[in-house]
Trainee: 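Sharing a structure below in structure tokens format, with a few things to ask.
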Amino acid sequence: MAAQPTEHALIAKHRPTLDQALEAIRTRAYWSPHPEHPKAYGEHGSLDAAAGKAAFDAVRGTRLDLGQPGTDDWVGGEVSPYGIELGVTYPHPDLDTLLPAMRAGRRAWRDAGPETRAVVCLEILKRISDRTHEFAHAVMHTSGQAFMMAFQAGGPHAQDRGLEAVAYAYAEQVRTPGTAEWTKPQGKRDPLALTKQFTPVPRGIALVIGCNTFPTWNGYPGLFASLATGNAVLVKPHPRAVLPLALTVRIAREALAEAGFDPNLVALAAERPGEGIAKTLATRPEIRIIDYTGSTSFGDWLEANARQAQVYTEKAGVNTVIMESTDAYKGMLSNLAFSLSLYSGQMCTTPQNLLIPRDGIRTDEGPKTFDEVVAGLARAVDGLLGDDARANALLGAIVNPDVKARLEAAAGLGEVALASREIAHPDFPDAVVRTPVIVKLDGAKPDAEAAYLSECFGPVSFAVAVDSAADAAELLRRTIREKGAMTVGAYTTDPQVEEAVQEVCLEEAAQLSLNLTGGVYVNQTAAFSDFHGSGGNPAANAALCDGAFVANRFRVVEVRREA
């Protein structure tokens, strides 16, 4: 299929960025085309802070008509964790009309080839990037993230993850050449000669099941991996976090149409309250790929029941930090205090269990007992969050009542080393803002095990006394194997302890961070360099992002002809 002028223009515009992304995933060095600072926006068509806020305000209380077929109702009802009603309504799909319409444009999208698909995806991402300020408010008021985190994680970092997926998708599709001349000698007879054609063929319609806490960051990898490999994508947002993904779908549809493709290659499936449309969609025969972030129970259900689809899940785990020794005691405590506090611990990568030898640890400030370490961490959290303005900027708001209930119940599980306190938000009086709780547990007691071996999503951490570093490593192994972990951290100056912890993580396939005391935290990952999850333990069956995340979204079909 010959490229249209718009495709030539998009290739000229975006091929350099694609090449840089391909180089970044090869070298794993730092790179990002999306600025992290809010002041970087406002030129070359992008919205500045005021325009972005105005765009968000303008969409509130409106009907977001995407122009997609099969709309049989209008649904909504999002209420910000900060206490304001968004009032946006979205198209509810008649699946028997929408799904066939989504398949209509697949041939042209397939035949366009990997490069054209990649640059169209990059055009979508560029248009999203230009509206980062608008997306920041949409993410903030659906997830409860504080504004700066919503801006960065929901904006440039999410866009980086989307671009990363496009780069991996492109690399895997062009690994096999488009054509090949095959000649096999036959001695005195004429050789056998064939011309072979190889075409990446999409699986079908991909379903993205969005999450409440990180709708764009967790949604973009699957969305763009599937779209770049030729699949149509149906986005089913979490009912409390529809707006960021609905805006994404609208932009994608506009960019596809302008590039000469069927806009129905991307569509939205918003649901009525309590409808549970995800289960219905997940088992439809048209759905051939599913990307899901959320609870373990529903992730397990998808893996067991969506048999017709390739299912990629990021579920839940129990993240662990071992504290055995350190040569930067204050830096260790400061780093951990930030990790426990960021977004009120409402991240799948936040540490939950802090394993500390009951006889204490060695530090550059001398030996510290178990109680001294825990008290020092509590003081570090208190110091970090002592100013309410700074606390609000770090904590954000509690995303849903279940998190608040878990936080309140945690205080009854053991000795409270740091009590949670309520913080008033000056701009949003109805926001539920809470500081973290730290509870001390004895790892040798069976009744404590039920607490620390269960995921307690939110601002809850357990300081668990263990007998030794070897005991900590074995408990880490058991935790990863039985419950999974998105992240593991360790603090040690002992090479043997470091080797033991590393060996556990290699054997159990968990991502490890060692001795972080500066401005990099165990619960943060950088696109193009860090892998988010491994796909090798129960917390997730996929990693963001690697070749395995994209390669099975398409198959290669061969056509042979006599030369």
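For this chain, numbers begin at 1 and follow the sequence in order.
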Trainee: Within a strict 4.5 Å, meaning less than it, do heavy atoms of the Val235 and Leu223 side chains meet?
Mentor: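 Sidechains of Leu223 and Val235: in contact.
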
Trainee: Are the side chains of Val501 and Leu476 in touch, meaning some heavy atoms are under 4.5 Å apart?
Mentor: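 Yes, close enough: below the 4.5 Å cut-off.
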
Trainee: Measuring from Asp364:CG to Met332:CE, what's the distance to the nearest 0.5 Å?
Mentor: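 Going from CG on Asp364 over to CE on Met332, the span is 9.0 Å.
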
Trainee: Test your reading of the model: is there a side-chain donor-acceptor pair from Gln346 to the backbone of Gly458, 3.5 Å cut-off?
Mentor: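 Here the side-chain-to-backbone pair does not exist.
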
Trainee: Just wondering, are more than 12 heavy atoms of other shown residues or ligands nearer than 6.0 Å to CD in Glu499?
Mentor: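 Incorrect, the count does not exceed 12.
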
Trainee: Find the distance between CG (Asn212) and CZ (Arg240) and round it off to the nearest 0.5 Å.
Mentor: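 Going from the CG atom of Asn212 to the CZ atom of Arg240 covers 4.5 Å.
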
Trainee: Is it the case that the side chain of Thr142 and the backbone of Ala138 share a donor-acceptor pair, with hydrogens and angles ignored and the cut-off at 3.5 Å?
Mentor: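 Judged by distance alone, yes, a pair lies under 3.5 Å.
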
Trainee: Take Arg477 and Glu503, measure what salt bridge (charged side-chain N to carboxylate O under 4.0 Å, His left out) needs, and give me the verdict at the end.
Mentor: CA-CA 10 Å; Arg477 181 189 301 278; Glu503 188 61 23; over 6 Å; no

Trainee: Do Tyr521 and Leu336 touch side chain to side chain, with heavy atoms closer than 4.5 Å?
Mentor: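 No, side chains not in contact.
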
Trainee: Shortest non-hydrogen contact from Asp430 to Gly83?
Mentor: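 Smallest interatomic distance, heavy atoms only, reads CB-CA, 3.9 Å.
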
Trainee: Determine which pairs satisfy side chain to side chain donor-acceptor pair (under 3.5 Å) with at least one residue from residues 439-460, sequence neighbours left out, and list them in order.
Mentor: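 As it turns out, the side chain to side chain donor-acceptor pair (under 3.5 Å) pairs with a partner in residues 439-460, which skip direct neighbours, are Arg358-Asp442, Asp371-Lys440, Glu415-Lys440, Glu449-Arg478.
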
Trainee: With side-chain contact (heavy atoms from CB on, under 4.5 Å) as the criterion, how do Ile290 and Gln310 come out once you've worked through the C-alpha distance, each side chain's angles and the decisive distance to 0.1 Å?
Mentor: CA-CA 6 Å; Ile290 298 173; Gln310 182 72 27; over 6 Å; no

Trainee: Would Asn537 and Glu508 satisfy side chain to side chain donor-acceptor pair (under 3.5 Å), going step by step from the backbone distance to the final call?
Mentor: CA-CA 7 Å; Asn537 71 65; Glu508 303 301 330; over 6 Å; no

Trainee: Between Phe56 and His133, is the ring centre distance below 6.0 Å?
Mentor: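 Aromatic pair excluded; centres sit 6.0 Å or further apart.
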
Trainee: Using the rule given for side chain to side chain donor-acceptor pair (under 3.5 Å), can you reason through Gln524 versus Thr349, listing the C-alpha separation, both sets of side-chain angles and the distance that settles it, and then say yes or no?
Mentor: CA-CA 7 Å; Gln524 296 175 319; Thr349 50; over 6 Å; no

Trainee: Sub-3.5 Å donor-acceptor pair from the side chain of Asn319 to the main-chain atoms of Thr487, do we have one?
Mentor: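 The answer is yes, because a donor-acceptor pair under 3.5 Å joins these two groups.
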
Trainee: Got a second to check how far Cys545's SG is from Ile25's CD1, nearest 0.5 Å?
Mentor: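 So the SG of Cys545 and the CD1 of Ile25 are separated by 8.0 Å.
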
Trainee: Report yes if some heavy atom in the side chain of Pro357 is under 4.5 Å from a heavy atom in the side chain of Asp467; otherwise report no.
Mentor: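 Of all side-chain heavy-atom pairs linking Asp467 with Pro357, none is under 4.5 Å.
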
Trainee: We want to know whether Thr248 and Tyr220 form a side-chain donor-acceptor pair, criterion being a heavy-atom distance below 3.5 angstrom.
Mentor: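 Thr248 vs Tyr220: donor-acceptor pair found between side chains.
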
Trainee: Can you label the angle between the His532 ring and the Trp217 ring as parallel, tilted or perpendicular, going by 30° and 60°?
Mentor: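 Ring orientation, 0 to 90° scale: perpendicular.
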
Trainee: Do Ser129 and Gln159 make a side-chain contact, defined as non-hydrogen atoms from C-beta onward lying under 4.5 Å apart?
Mentor: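 Yes, at least one pair of side-chain atoms sits under 4.5 Å.
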
Trainee: Looking only at heavy atoms, what is the nearest atom pair of Ser143 and Val399, with distance?
Mentor: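 Smallest interatomic distance, heavy atoms only, reads O-CG2, 3.2 Å.
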
Trainee: For Ala424, does its backbone N or O pair with a side-chain atom of Asn392 as donor and acceptor, under 3.5 Å?
Mentor: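 Side chain of Asn392 to backbone of Ala424, a donor-acceptor pair under 3.5 Å: yes, one is there.
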
Trainee: Are the side chain of Glu164 and the backbone of Ala527 linked by a donor-acceptor contact shorter than 3.5 Å?
Mentor: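 A pair under 3.5 Å: no.
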
Trainee: Test His137 against Val139 for side-chain contact (heavy atoms from CB on, under 4.5 Å), laying out the working first.
Mentor: CA-CA 5 Å; His137 289 283; Val139 171; over 6 Å; no

Trainee: For the ring pair Tyr168 and Phe549, is the centre-to-centre distance below 6.0 Å?
Mentor: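 Judged by ring-centre distance (under 6.0 Å), Tyr168 and Phe549 do not meet the cut-off.
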
Trainee: Should the pair Glu365-Lys330 be classified as a salt bridge under the 4.0 Å nitrogen-to-oxygen rule?
Mentor: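 Yes.
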
Trainee: To the nearest 0.5 Å, what is the distance between OG1 (Thr479) and CG (Leu475)?
Mentor: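 CG of Leu475 is found 4.0 Å from OG1 of Thr479.
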
Trainee: Is Asn541 reaching over with its side chain to a backbone N or O of Thr313, donor-acceptor style, under 3.5 angstrom?
Mentor: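 Side chain of Asn541 to backbone of Thr313, a donor-acceptor pair under 3.5 Å: yes, one is there.
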
Trainee: What are the two closest non-hydrogen atoms of Ser341 and Leu384, and how far apart are they?
Mentor: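 What the structure gives for the nearest pair is OG-CD2, 3.8 Å.
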
Trainee: Find out whether Leu268 and Tyr90 are in side-chain contact, i.e. whether some heavy atom of one side chain is under 4.5 Å from a heavy atom of the other.
Mentor: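 In contact.
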
Trainee: So which heavy atom on Asp471 is nearest to which on Val466, and how close?
Mentor: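 Closest heavy-atom pair between Asp471 and Val466: OD2-CB, 3.3 Å.
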
Trainee: Going by heavy atoms in the side chains, are Leu394 and Leu385 under 4.5 Å from each other?
Mentor: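 Leu394 reaches Leu385 side chain to side chain.
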
Trainee: Hydrogens and angles aside, do Asp160 and Ser32 bring a side-chain donor and acceptor to less than 3.5 Å of each other?
Mentor: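 There is such a pair (donor and acceptor under 3.5 Å, judged by atom type) between the side chains of Asp160 and Ser32.
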
Trainee: Look only at the side chain of Thr326 and the backbone of Tyr491, and say whether a donor-acceptor pair between them is shorter than 3.5 Å.
Mentor: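 No; judged by distance alone, with no hydrogens or angles, the pair does not exist.
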
Trainee: Within 45° of the six-membered ring axis of Tyr312 and under 6.0 Å from that ring's centre, is NZ or CZ of Arg553 located there?
Mentor: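 Relative to the ring axis of Tyr312, which defines the angle, Arg553 lies inside both limits.
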
Trainee: Measuring from atom CG of Asn218 to atom SG of Cys348, what distance do you get when rounded to the nearest 0.5 angstrom?
Mentor: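 Asn218 atom CG to Cys348 atom SG measures 6.0 Å (nearest 0.5 Å).
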
Trainee: Roughly how far, to the nearest 0.5 Å, is the CD1 atom of Ile322 from the CG atom of Leu512?
Mentor: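 Reported to 0.5 Å precision, the distance equals 8.5 Å.
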
Trainee: Hey, what's the ring geometry for Tyr41 with Phe151, parallel, tilted or perpendicular (30° and 60° as the breaks)?
Mentor: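 Rings of Tyr41 and Phe151: perpendicular, over 60°.
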
Trainee: Would you mind checking if Lys404 and Glu422 are paired as a salt bridge, meaning a charged N to carboxylate O distance below 4.0 Å?
Mentor: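 So Glu422 does not pair with Lys404 through a salt bridge.
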
Trainee: Can you find a side-chain donor-acceptor pair between Arg161 and Thr525 that sits under 3.5 Å?
Mentor: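 Yes, a side-chain donor-acceptor pair sits under 3.5 Å.
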
Trainee: Evaluate side-chain contact (heavy atoms from CB on, under 4.5 Å) for Met486 paired with Met347, printing each intermediate quantity in order.
Mentor: CA-CA 10 Å; Met486 295 299 293; Met347 304 171 68; over 6 Å; no

Trainee: Using distance alone, with no hydrogens and no angle criterion, decide if His37 and Gln152 have a side-chain donor and acceptor under 3.5 Å apart.
Mentor: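 No - no donor-acceptor pair under 3.5 Å links their side chains.
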
Trainee: Please give me the minimum heavy-atom distance between Glu85 and Arg60, naming the atom from each residue.
Mentor: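 Of all heavy-atom pairs spanning Glu85 and Arg60, the closest is O-NH2, 3.2 Å.
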
Trainee: Is it the case that the side chain of Arg434 and the backbone of Leu407 share a donor-acceptor pair, with hydrogens and angles ignored and the cut-off at 3.5 Å?
Mentor: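 No.
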
Trainee: Pairing donors with acceptors under 3.5 angstrom, does anything connect the side chains of Thr493 and Ser325?
Mentor: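 There is such a pair between these side chains.
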
Trainee: Between Tyr82 and Gly144 (side chain of the first, backbone of the second, donor and acceptor by atom type, cut-off under 3.5 Å), is there such a pair?
Mentor: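 Checking the backbone N and O of Gly144 against the side chain of Tyr82, a donor-acceptor pair under 3.5 Å is found.
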
Trainee: Walk me through whether Phe428 and His141 qualify under ring pair (Phe, Tyr, Trp, His ring centres under 6.0 Å).
Mentor: CA-CA 11 Å; Phe428 302 102; His141 285 291; 5.3 Å; yes

Trainee: Applying side-chain contact (heavy atoms from CB on, under 4.5 Å), run through Glu372 and Ile361 and close with a yes or a no.
Mentor: CA-CA 10 Å; Glu372 286 175 331; Ile361 71 173; over 6 Å; no

Trainee: What's the shortest heavy-atom distance between Ala21 and Ala167, and which atoms?
Mentor: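 Looking at all heavy atoms of both residues, the shortest contact is CB-CB, 3.9 Å.
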
Trainee: If we only count heavy atoms from C-beta on, is the Tyr343 to Leu395 side-chain gap below 4.5 Å?
Mentor: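 Heavy-atom side-chain distance check fails, nothing below 4.5 Å.
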
Trainee: Should Lys53 and Glu134 count as an ion pair when the cut-off is N to O under 4.0 Å?
Mentor: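 Glu134 and Lys53: not salt-bridged.
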
Trainee: Treating Glu78 as the side-chain partner and Val242 as the backbone partner, does any N or O pair qualify as donor plus acceptor under 3.5 Å?
Mentor: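 Yes.
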
